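Predicted, not measured: the structure shown is a model, and the values here were computed from it. Sequence lines set the chain letters: A, B, ... in the order given, protein chains first and strands last, and positions in each chain run from 1.
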Number of protein chains: 4
Amino acid sequence: MTVQPLSSEAIAALAADLPAWSVVEGKLCRELRFADFSEAFGFMARVALAAESMGHHPEWSNVWNRVTIALTTHDCGGISALDGELARRIDRILG
Amino acid sequence: MTVQPLSSEAIAALAADLPAWSVVEGKLCRELRFADFSEAFGFMARVALAAESMGHHPEWSNVWNRVTIALTTHDCGGISALDGELARRIDRILG
Amino acid sequence: MTVQPLSSEAIAALAADLPAWSVVEGKLCRELRFADFSEAFGFMARVALAAESMGHHPEWSNVWNRVTIALTTHDCGGISALDGELARRIDRILG
Amino acid sequence: MTVQPLSSEAIAALAADLPAWSVVEGKLCRELRFADFSEAFGFMARVALAAESMGHHPEWSNVWNRVTIALTTHDCGGISALDGELARRIDRILG
C-alpha cells in the first residue's frame with residue numbers, strides 16, 4: 001500500500017480537527033506534561049501499543065514528566081492520513 | 001534488612017486502611033478491570049516501575065482488560081509492611 | 001472473521017512445531033525464567049506489543065523473574081491458529 | 001543529598017570507562033539501533049525501570065528502531081556520578 005502525503009488543505013483540515021496538535025516543519029506535533037515519570041511512561045507504553053498495532057511509529061522524546069511527539073510519514077515525506085489516525089488514538093489515550 | 005511478617009492485628013488494620021484490597025490465603029489481593037488491554041498494560045507498566053523502585057514485586061496476572069494482583073513477602077513467608085506500601089502505591093496509580 | 005478451533009490433529013502438529021510449548025487443559029503454555037524482573041518485564045513489554053498488534057492477547061502471570069503464558073482463543077473455546085501465531089512471535093522475541 | 005557535578009578530569013575518566021558513550025555539550029550520550037520497534041521499546045521499558053529505581057531519568061528520544069540517550073543531572077547543571085551509574089546500568093541491559 002502506498003501512503004500519499006496529504007495536501008496542504010487536508011493538513012489544515014486535520015489540524016483544525018486536532019486542536020491539541022500543531023503542524024511544525026511538516027510534522028504533526030504535541031507536547032505533553034504529566035505528574036511524574038511514572039505517569040509519562042504509562043502513557044508511552046500505551047502509545048507504543050497503538051503505534052505498533054498501526055505499523056506506524058512516532059518520533060518522540062521524553063524527559064521525566066514531559067513527552068514530545070512529532071508525527072510524520074517517512075515513506076511519503078510528509079504528513080499522511082496515518083499521522084492523523086495515530087494523533088487521534090493518542091488523544092483517546094489521554095481521555 | 002530483615003523484613004518481619006505483620007501480626008494478624010496489623011494485617012487487619014492494614015486491610016481496614018486499604019478497602020479495595022482483601023486478604024486471601026496470606027496475600028493482599030486486588031482485582032482490577034480496565035477498558036481494554038491498552039489501559040491494563042499502561043497500568044502494569046506503572047506498577048512495574050513502582051515495584052522495581054521498591055525492590056518488591058507483585059505476583060500478578062493479566063487477561064486482556066483484567067489484572068489480578070497478590071502481594072506477599074516471600075522472604076518472611078507472609079504479608080509485611082512492604083506489601084502495604086506497594087498496595088498504597090498501586091492505589092495512588094489508580095488515582 | 002470467525003476463528004475456528006484447531007482439530008486435535010492440528011494441535012498435535014502445532015505442538016510438534018513449537019517444542020518449547022506444551023498443551024495443558026486446552027491451552028498452549030510456556031513457562032519462562034529470566035535473570036531478574038527487569039529482563040522479565042522487558043520481555044513482557046514486547047509480548048504486549050505483539051499481542052496488541054494481533055488483537056489477540058495472552059493469559060499470563062509474572063512473579064519477579066518468572067513469566068507463565070497460556071494461549072487460548074476465548075471466542076472459539078479452544079486453541080486456534082491465532083495462538084500458534086502468537087506463540088511463534090513470542091519464540092522470536094526470545095531469539 | 002546534594003549531587004555535585006564531576007570535574008572535567010572525572011568526566012574524562014568516566015568517558016574512558018564507558019567507551020560506548022560520548023560527552024556532547026555537557027551530556028553523556030549514546031545512540032542505539034535495534035532490529036525493530038519492539039526490540040527498541042523492550043529496551044526502553046528496562047531503562048525506565050532502572051531510571052525510576054535510581055530516581056534519575058534520561059533525556060531520550062526514539063524513532064522506530066533508534067534510541068538516543070543523553071544523561072545529565074539537572075540539579076547540578078552537569079554530568080554527575082548518577083549519570084555514570086545510569087550509563088553503566090544501561091550498558092548492562094544491553095548485555
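The NE2 atom of C:H57 sits 8.0 Å away from the CG atom of B:D36 when rounded to the nearest 0.5 Å. One distance of note links OG of C:S38 with CD of B:E52; it measures 6.0 Å at 0.5 Å rounding.
Within a 6.0 Å radius of CD in C:E85, other residues, nucleotides and ligands contribute more than 12 heavy atoms.
Both the backbone and the side chain of C:A45 come within contact range of chain B, judged by heavy atoms closer than 4.5 Å.
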Item to check | Audit row: B:M44, C:N62, side chain to side chain contact (heavy atoms under 4.5 Å, CB included) steps and yes/no | outcome: CA-CA 11 Å; B:M44 291 174 72; C:N62 162 247; over 6 Å; no
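With respect to chain B, the highest number of heavy-atom pairs below 4.5 Å among C:R66, C:H74, C:E59 belongs to C:E59.
Ring geometry for B:F41 against C:F41 counts as parallel: the plane angle stays under 30°, on a 0 to 90° scale with 60° as the upper cut.
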